[in-house]
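Quick notes on the structure that follows.
Here the structure is a predicted model, which means the values were calculated and not measured. These numbers come from the heavy atoms of this one structure, side chains and all, not from hydrogens, waters or symmetry mates. Counting starts at 1 for both ligands and their atoms, following the listed order. The residues of the chain are indexed from 1 along the displayed sequence.
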Amino acid sequence: MKRLEDNQLTDLEQMSGISRRRFISAGALCGAAMFLGGNLLSRSALAVGSANSTLLGFDSIASATTDTITLPAGYKSSVLISWGQPLAANGPAFDPTSKDSAAAHEVQFGDNNDGMSFFPFADDENRALMAINNEYTNYQYLLDHAGLPQSAEEVHKALASEGVSVIEVQRLDGKWQFVQGSKYNRRIHGNTPISVSGPAAGHDWLKTADDRTGKHVLGTFQNCSNGKTPWGTYLTCEENFDDCFGSTDPAQQFDAAQVRYGASITGDGNDWHLHNPRFDMAKNPNEFNRHGWIVEIDPFDPQSTPIKRTALGRFKHENAAFTETKDGRAVVYMGDDERGEFIYKFISKDKIKRGQGPDAIKHNRHILDQGTLYVARFDAGDKNPNLPKGHGRWVELSFGKNGLDASNGFNSQAEVLIHARLAASTVAATRMDRPEWLVVSPKDGKVYCTLTNNVKRGQTDQPVNGPNPRANNIYGQILRWREANDDHASTAFTWDLFVVAGNPVVHAGQPAAGSTNITPQNMFNSPDGLSFDDAGRLWIQTDGDSSNAGDFAGMGNNQMLCADPDTGEIRRFMVGPVGCEVTGIAFAPDQRTMFVGIQHPGEKGGSSFPEHLPNGKPRSSVMVITREDGGIIGA
Ligand code: FEO
Ligand code: CA
Ligand code: CA
């Protein structure tokens with residue numbers, strides 16, 4: 001559908017007194033027309049109506065600050081699984097007093113669910129596995145004293161709460177539900193043995209007193225979002241690992257690479273280093289280098305050892321958007337979520353073997369170990385104040401090329417990968433506004449990336465640039481690009497911004513009001529999670545300021561929206577409960593069930609989602625969203 005032309009909107013504005021050029025939904029227009037009098041439902045009204053997306057089949061809902069899930073009329077939600085639910089048939093139940101053991105948490109659904117993938121069984125359409133990240137834990141709910149860990153056991157409890165949960169789900173009477181006691185149910189957590197593969201495996205910087213090989217790591221934690229391979233494995237992304245390390249030597253000096261990766265004496269709100277020497281940079285500095293990777297997991301083999309894939313680079317990984325080149329090689333798009341960090345792309349050396357299951361997994365076992373890592377460089381673009389666009393290219397991060405040699409501190413490809421951030425800076429990659437999720441359109445292959453916000457943009461070392469056009473960027477934007485020749489193997493692309501978030505009620509005019517597809521009815525801040533469904537609807541989840549005040553007045557709780565990539569129209573689909581982040585999304589193959597993650601409800605208090613428990617403790621949960629009429633979600 002064609003977008004509403006600016007001149008049509010100007011007509012409407014002149015009649016209605018709406019001060020800014022806005023892309024207005026049918027519902028909003030109806031309200032404005034009724035307010036202003038009946039005869040306004042004229043040429044302009046019809047013009048706006050005709051601009052509405054045919055892809056989006058629901059009415060945008062209002063923002064909300066209530067402690068519940070809000071959905072459009074005709075939709076319903078229920079809990080699939082919540083933090084602390086036992087995975088085994090006779091497993092320990094969630095203890096609302098928080099006096100339970102670390103061992104209990106190692107066999108329960110982990111905390112703060114985030115990215116997730118749905119893996120159908122090949123021979124039974126009513127069975128599937130789900131792999132679900134557990135990003136971090138809230139100590140006010142995990143520990144009975146509600147403070148930071150004060151013992152090795154309490155650190156162990158935190159490690160047990162993070163990582164990944166693999167669960168079986170089954171469709172009974174048309175409804176997907178968790179199968180407690182399934183042989184596939186599994187926890188991978190902060191103490192699970194994990195192997196290391198790819199060019200950095202065995203490098204000296206990965207060796208510790210406990211692992212002289214540099215190939216066997218304990219655990220994965222701070223698992224943010226995810227990816228899924230066509231051969232049926234799960235990719236989990238280690239994000240804020242640096243928060244878990246500190247030093248018991250208050251005078252310790254960190255080198256430039258450690259500083260760049262966030263090393264600090266105190267860590268950031270975990271205190272693991274005070275009670276477990278593995279996280280003490282004074283005693284085990286190389287343990288720090290063994291985290292910040294993408295880990296591949298085979299959910300159908302509960303005995304399999306997860307593998308850290310070093311060829312994909314080490315940074316604060318958000319997610320892993322998997323696609324293919326025209327000649328059938330694997331491509332993984334990745335963002336490094338830190339203010340001023342970069343967007344990366346990996347292309348495998350070898351072609352993918354088709355199919356799923358053991359044969360494909362065995363053949364594709366090496367695919368993510370050999371290939372080329374690139375980082376994105378964007379030009380200044382056309383500086384359009386609404387939605388700028390321009391060109392860019394991918395710069396190869398290979399030892400011996402583009403200055404990545406001893407003269408700049410790199411002695412091998414392993415060092416380029418372990419210090420990928422430094423390598424990307426060496427080749428002058430473009431500093432971005434916190435890259436979060438990336439997704440690839442199933443319709444046209446365009447890649448979309450949320451740039452969630454960046455209050456440091458505009459400071460001396462981070463001047464505004466093409467795809468990051470706003471100083472003190474508190475609202476965020478969504479970037480997209482199209483690879484040359486529509487081939488993900490290309491090293492050149494064209495980019496544009498799909499939306500620049502803002503608040504058109506509080507701020508009049510660019511840039512704080514946002515782009516023309518932001519209205520008082522759909523405004524949001526800090527886009528984070530992203531997903532396409534099979535029909536090409538773009539789902540947008542937020543992790544932003546939910547104060548509903550000041551710059552964020554009228555936006556309400558964190559939420560999920562749905563966009564038509566062709567028309568630019570965005571509608572609000574769901575609002576989450578108090579204090580939560582909406583993150584994690586998966587679809588059943590028939591697109592009639594959507595799974596959505598509600599993370600850290602009540603992180604700052606004030607929530608009892610999803611149910612009232614004896615002490616009112618809120619619990620992160622995966623929700624099942626369906627339509628009353630059983631229809632396709634969003635249609
Ligand atoms: Fe875990 Fe960048 O969000
Ligand atoms: Ca995120
Ligand atoms: Ca987030």
For the metal site, I want the angle between atom OE1 of Glu436 and atom OD2 of Asp337 with atom 2 (Fe) of ligand 1 at the apex, to 10°. 90°
Testing the 3.5 Å rule here: is there a donor-acceptor pair between the side chains of Asn112 and Ser620?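 Indeed, the side chains of Asn112 and Ser620 share at least one donor-acceptor pair under 3.5 Å.
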Looking only at the side chains, is there a donor atom on one of Asp111 and Thr137 sitting less than 3.5 Å from an acceptor on the other?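 Yes, side-chain donor-acceptor contact under 3.5 Å.
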Atom 1 (Fe) of ligand 1 -> Glu135, closest N, O or S atom is OE2
Name whichever N, O or S atom of Glu239 ends up nearest to atom 1 (Fe) of ligand 1.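 Closest N, O or S atom of Glu239 to atom 1 (Fe) of ligand 1: OE1.
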Under 3.0 Å from the Ca ion (ligand 2), is there an N/O/S atom belonging to Glu436? yes
Can the ring centres of Trp394 and Tyr374 be said to be less than 6.0 Å apart?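 So the answer is no for these two rings.
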Atom 1 (Fe) of ligand 1 and Glu318: any N/O/S contact shorter than 2.8 Å? no
Can you name the residues that form a ring-ring contact (aromatic ring centres under 6.0 Å, His included) with Phe342, not counting sequence neighbours?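 Listed in chain order: nothing, the list is empty.
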Under the rule for ring-ring contact (aromatic ring centres under 6.0 Å, His included), what residues qualify as partners of His275, not counting sequence neighbours? none
Would you give the angle at the Ca ion (ligand 2) between Glu318 atom OE2 and Asp528 atom OD1, to the nearest 10°? 90°
